[in-house]
There are 2 protein chains.
Amino acid sequence: MKIGELASQAGCGVETVRYYERVGLLPPPARTAQNNYRHYQAHHLQQLLFIRRCRTLDLTQEEIRQLLAARQQPDAGCETINQLVDAHLAQVRARLAELQALEQQLLALRGQCHASLTTRECGILKELEQGAAP
Amino acid sequence: MKIGELASQAGCGVETVRYYERVGLLPPPARTAQNNYRHYQAHHLQQLLFIRRCRTLDLTQEEIRQLLAARQQPDAGCETINQLVDAHLAQVRARLAELQALEQQLLALRGQCHASLTTRECGILKELEQGAAP
DNA sequence: GCACACCCTGTAGTGACTACAGGGTCAAGC
DNA sequence: GCTTGACCCTGTAGTCACTACAGGGTGTGC
């Protein structure tokens with residue numbers, strides 16, 4: 001299949017596909033001799049779907065590269081895979097904690113001004129100007 | 001004061017200060033005639049602290065620019081400030097919801113493999129290869 | 001023969017910095 | 001007077017994962 005069909009089957013843009021090839025996440029497909037168009041096989045689609053699924057889980061390219069490499073060694077142990085997912089989960093939870101703290105800070109900030117005041121009187125600006133870290 | 005002192009008082013790098021000047025968040029300071037060093041006043045530090053406080057709240061440069069502009073008009077109403085904080089809070093909450101969903105997906109994925117198997121048998125890889133979006 | 005969808009390469013932009021390279025300046029100690 | 005090291009300057013390139021052109025070639029239907 002051509003790149004447009006591959007991309008639409010994977011639910012991404014053709015430019016994303018070419019980008020994955022450029023950065024080495026997708027192997028370069030064969031080209032037709034006549035017009036140099038990329039010609040993809042089923043395994044390309046499989047790998048692209050794998051990559052897209054990983055991306056919906058916010059895995060980085062580097063993490064995906066490690067998973068793809070692991071897939072090449074089906075007889076090796078899968079501890080690195082488990083560790084990778086655990087590490088990523090830990091990162092997500094760390095970011096969650098950060099964002100929850102941020103939400104509280106913003107709520108407190110928002111509580112500084114309820115009325116429609118002048119900028120000079122606005123509690124939010126005052127807090128941002130003078131407040132130390134909460 | 002010179003840029004190094006300003007930066008250390010604000011708790012950021014000198015390159016960040018120069019960057020803020022380049023993108024227009026900090027006004028260009030006077031330069032000493034002798035050696036062209038930047039020479040900062042107290043109000044520069046004030047503004048830099050303001051910017052850094054906004055950044056710890058994950059406000060974007062564009063949002064900070066709006067707050068700085070509002071500060072220049074102390075007699076105007078502060079509705080835009082309140083709206084800006086509300087909008088940002090909504091964004092943070094949306095991202096929180098996304099991350100919580102992601103956490104659940106990763107947990108489910110992690111549950112696919114507890115043992116130390118071969119890559120071929122690893123439930124995580126199988127899920128990533130074949131699983132539809134949860 | 002023409003319009004239009006598709007394909008190609010290559011480059012630049014996004015946000016908010018960070019990290020050099022390659023140079024100039026200043027103060028302290030010898 | 002000289003060296004050493006900390007500081008300052010400009011300008012450019014890198015980060016991440018795309019996205020958006022510009023400027024061209026190709027294929028298909030009317």
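Every chain is numbered from 1, with letters handed out A, B, ... down the list of sequences. These numbers were taken from a predicted model, which means no experiment stands behind them.
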* Round to a whole Å and report the spacing from NZ of B:Lys2 to C1' of C:dG24. => 13 Å
* To do: Return no unless some side-chain N or O of A:Arg38 is found under 4.0 Å from OP1 or OP2 of C:dC6.
  => no
* Determine the contact category for B:Arg52: base if any of its heavy atoms lies under 4.0 Å from a base atom, sugar-phosphate if only primed atoms, P, OP1 or OP2 are that close, otherwise nothing. => sugar-phosphate
* Taking OP1 and OP2 of D:dG25, is either one under 4.0 Å from a side-chain nitrogen or oxygen of A:Asn35? -> no
* Separation of D:dT26 C1' from A:Ile3 CD1 (nearest whole Å) -> 15 Å
* C:dC17 C1' sits how many Å from B:Leu59 CG, rounded? -> 16 Å
* Mark yes or no for a side-chain to base donor-acceptor pair under 3.5 Å between A:Glu15 and D:dC21, with no hydrogen or angle criteria applied. => yes
* Of the nucleotides C:dC17, C:dC8, C:dC7, which one has an atom closest to the side chain of B:Arg55? -> C:dC17
* Going by an N to O cut-off under 4.0 Å, is there a salt bridge joining B:Lys126 and B:Glu129? -> no
* Structure fact -> Rounded to whole Å, the CD-P distance (B:Glu21 to C:dC17) equals 15 Å
* Expressed in angstrom and rounded to an integer, what is the separation of B:Glu5 atom CD from D:dA6 atom P? -> 18 Å
* Hey, is A:Glu62 close enough to A:Arg65 for a salt bridge, meaning N to O under 4.0 Å? -> yes
* Structure fact -> When rounded to whole Å, the CZ to C1' distance for the pair B:Arg95 and C:dG15 reads 15 Å
* Asked: Whole Å only: how far is the OH atom of B:Tyr20 from the P atom of C:dT18?
  -> 8 Å
* To do: Rounded off to whole Å, could you give me the OH-to-P distance for the B:Tyr19 and D:dT10 pair?
  => 17 Å
* To do: Determine whether B:Leu128 and B:Leu117 fall in the same hydrophobic cluster, where Ile, Leu, Val, Met, Phe, Trp and Tyr are linked whenever their side-chain heavy atoms lie under 4.5 Å apart.
  => no
* Asked: Hey, are A:Glu121 and A:Thr118 close enough side-chain-wise for a donor-acceptor pair under 3.5 Å?
  -> yes
* Is it true that A:Asp86 and A:Arg93 have a side-chain N and a carboxylate O under 4.0 angstrom from each other? -> no
* **Donor-acceptor pair (no angle test) under 3.5 Å: B:Tyr37 side chain, C:dG24 base** => yes
* Among the candidates D:dA17, D:dT10, C:dC7, find the nucleotide nearest to the side-chain atoms of B:Asn36. => D:dT10
* To do: Ignoring backbone atoms, establish whether A:Arg18 has a side-chain N or O less than 4.0 Å from OP1 or OP2 of C:dT9.
  => no
* Structure fact -> Of C:dT18, C:dT9, D:dG27, the nucleotide closest to the side chain of A:Gln34 is D:dG27
* If you check every side-chain atom of A:Thr16, which of D:dT26, D:dT19, D:dA17 has the closest atom? -> D:dT19
* To do: Indicate whether OP1 or OP2 belonging to C:dG15 is found under 4.0 Å from a side-chain N or O atom of B:Arg22.
  => no
